K.L.:
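For reference, the structure I am asking about is given below.
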There are 2 protein chains.
Amino acid sequence: MQCHSHSHNTKKEVEFFLSKLREVGSRVTKQRIALAKSIIAFRGPFSAEDLYSKVESQGIDLVTVYRCLSAFTDLEILSTVNFEDGTQRYEYLCSSDKGHHHHIICKKCKKVDPINFCVVQGQEQLVEQMGYANVSHKLEFFGICKKCAN
Amino acid sequence: MQCHSHSHNTKKEVEFFLSKLREVGSRVTKQRIALAKSIIAFRGPFSAEDLYSKVESQGIDLVTVYRCLSAFTDLEILSTVNFEDGTQRYEYLCSSDKGHHHHIICKKCKKVDPINFCVVQGQEQLVEQMGYANVSHKLEFFGICKKCAN
DNA sequence: TTGTATGCAAAGGCTTTGCAGATTG
DNA sequence: CAATCTGCAAAGCCTTTGCATACAA
């Protein structure tokens, strides 16, 4: 389910995003087109509120944002990211040409950096040997960034 | 900050828990003693509501549970565990003789199993080389357990 | 046309805050 | 006695739900 590189061409990226909707018979509305464009523009995880602030001016409702985030996640267009601050975040699965990755979050300023290595995927097999199917994982690092360390 | 083995002796475990409070000048109240006993009895992650249900009969308020959970976490008596279901969970740091560990959560029935191996700790050094101090991590596995797979 | 998607209003779940009174050290 | 902790009530924040209308296919 790895995405091809559609970077550097927003039009194609949006079309790719929308094709995922059409694939399963979901409808392509003007709200969803606007959301797709905004989602593609994010570099890294974003919250419902983050996304809403980008589309609010177009008269799109917060509830629509929540409903679409949920729908896009079901379609595996988005993945969920959790920073332990009580707010769910999402990330466009095709935005990172690096594919599967994790994050380091500064405990003070909440800055986020991507981490492009992952040692955990091999462990999923060990977990499957424990009797689990369809194993995935969520991993985030927390620390203090250079600026906040003074 | 690894805990010694206090298993098989509840009285000693409770005393150890309370000594952590006294260490920093926090007060030992009858509510906190009751909470300590209940927390020690949990085998694995529990929510505020889980804990409240154990002490409610003693007239302890839900707000007190929340406030103590927060205080105990600050004192590193508890760690926070997140299962991506919108409810914060906690785990007694000394209850697992295995020390640092992770969990596999069944996506259907929400059953939790501990995972006693961890390949990630070595990666924390790599993250520190990226310019972060005090690096820790949160890792959880998600899958479908045998029963739910039918 | 027919079912899906949206907007608005309201509710819901989990957690935090304010404050007065009780308790600990 | 002074500072912390507790209970109660209320608020807060993020997210979901209900329902009538609008819209895509």
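Sequence lines set the chain letters: A, B, ... in the order given, protein chains first and strands last, and positions in each chain run from 1. Remember, it's a predicted structure, so these values are computed and weren't measured experimentally.
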K.L.:
In terms of side-chain heavy atoms, does B/His101 have a donor or acceptor partner in B/Glu91 at a distance below 3.5 Å?
P.N.:
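Result is yes, a qualifying pair exists.
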K.L.:
Would a single hydrophobic cluster contain both A/Ile60 and A/Val63, if residues Ile, Leu, Val, Met, Phe, Trp and Tyr are joined by side-chain heavy-atom contacts under 4.5 Å?
P.N.:
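A/Val63 does not cluster with A/Ile60.
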K.L.:
Verify the cluster assignment for B/Val112 and B/Tyr90: are they in a single hydrophobic cluster under the rule of side-chain heavy atoms below 4.5 Å apart?
P.N.:
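No; tracing contacts between hydrophobic side chains, which count when under 4.5 Å, never links both residues.
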K.L.:
Is the closest side-chain donor-acceptor distance between A/Thr80 and A/Lys138 under 3.5 Å?
P.N.:
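Side-chain D/A pair, A/Thr80 to A/Lys138: present.
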K.L.:
Below 3.5 Å, can you tabulate the donor-acceptor pairs from side chains in residues 139-150 of chain A to any protein atom, sequence neighbours excluded?
P.N.:
unit_1: A/Glu140; atom_1: OE1; unit_2: A/His103; atom_2: N; d: 3.1
unit_1: A/Glu140; atom_1: OE1; unit_2: A/His103; atom_2: ND1; d: 3.1

K.L.:
So, do A/Tyr52 and A/Tyr66 have ring centers that fall under 6.0 Å from each other?
P.N.:
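No, they do not, as the ring centres are separated by 6.0 Å or more.
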K.L.:
Identify, residue by residue, the members of residues 82-89 of chain B with a heavy atom below 4.0 Å from DNA chain C, and return them in order of residue number, or none.
P.N.:
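Nucleic-acid contacts, sorted: B/Gly86, B/Thr87, B/Gln88.
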K.L.:
Quick test of your reading of the model: are A/Glu15 and A/Arg22 salt-bridged, counting only N-O distances below 4.0 Å?
P.N.:
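Salt bridge between A/Glu15 and A/Arg22, a charged N being under 4.0 Å from a carboxylate O: yes.
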K.L.:
Using atom CG of A/Leu35 as one end and atom P of C/dA5 as the other, report the distance to the nearest whole Å.
P.N.:
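In whole Å, C/dA5 P lies 13 Å from A/Leu35 CG.
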K.L.:
What's the CG-C1' distance between A/Asp50 and D/dC14, to the nearest Å?
P.N.:
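Between C1' of D/dC14 and CG of A/Asp50: 13 Å.
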K.L.:
Is the shortest side-chain N/O distance from A/Gln31 to OP1 or OP2 of C/dG7 below 4.0 Å?
P.N.:
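For C/dG7, OP1 or OP2 has a side-chain N or O of A/Gln31 closer than 4.0 Å.
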K.L.:
Could you tell me whether B/Lys37 atom NZ has more than 12 heavy atoms of other residues or ligands within 6.0 Å of it?
P.N.:
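Atom NZ in B/Lys37 is not crowded, with 12 or fewer foreign heavy atoms closer than 6.0 Å.
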K.L.:
How about B/Lys54: does its NZ atom have over 12 heavy atoms from other parts shown lying under 6.0 Å from it?
P.N.:
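No, the 6.0 Å shell around NZ holds no more than 12 heavy atoms from other groups.
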K.L.:
Please state how far atom CG in A/Leu69 lies from atom C1' in D/dT16, giving the value in whole angstrom units.
P.N.:
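Rounded to the whole Å, the gap is 13 Å.
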K.L.:
Between B/Leu18 (CG) and D/dC5 (P), how many Å, whole number?
P.N.:
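Atom CG in B/Leu18 sits about 14 Å away from atom P in D/dC5.
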K.L.:
Taking CZ from B/Phe72 and C1' from D/dC5, how many angstroms apart are they, rounded to a whole number?
P.N.:
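So the CZ-C1' distance, B/Phe72 to D/dC5, works out to 11 Å.
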K.L.:
Strictly under 4.0 angstrom, non-hydrogen atoms only: write out the protein contact profile of nucleotides 16-25 of chain C, one letter per nucleotide from the 5' end, B, S or -.
P.N.:
BBBB---BBS
K.L.:
To the nearest angstrom, how far is B/Gln58 atom CD from D/dT6 atom P?
P.N.:
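Checked: the CD to P distance equals 13 Å.
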K.L.:
In this structure, how many angstroms lie between the C1' atom of D/dT6 and the CD1 atom of B/Ile33, rounded?
P.N.:
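The answer, rounded to whole Å, is 14 Å.
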K.L.:
Rounded to whole angstrom units, what separation is found between the CG atom of A/Asp61 and the P atom of C/dA9?
P.N.:
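So the CG-P distance, A/Asp61 to C/dA9, works out to 9 Å.
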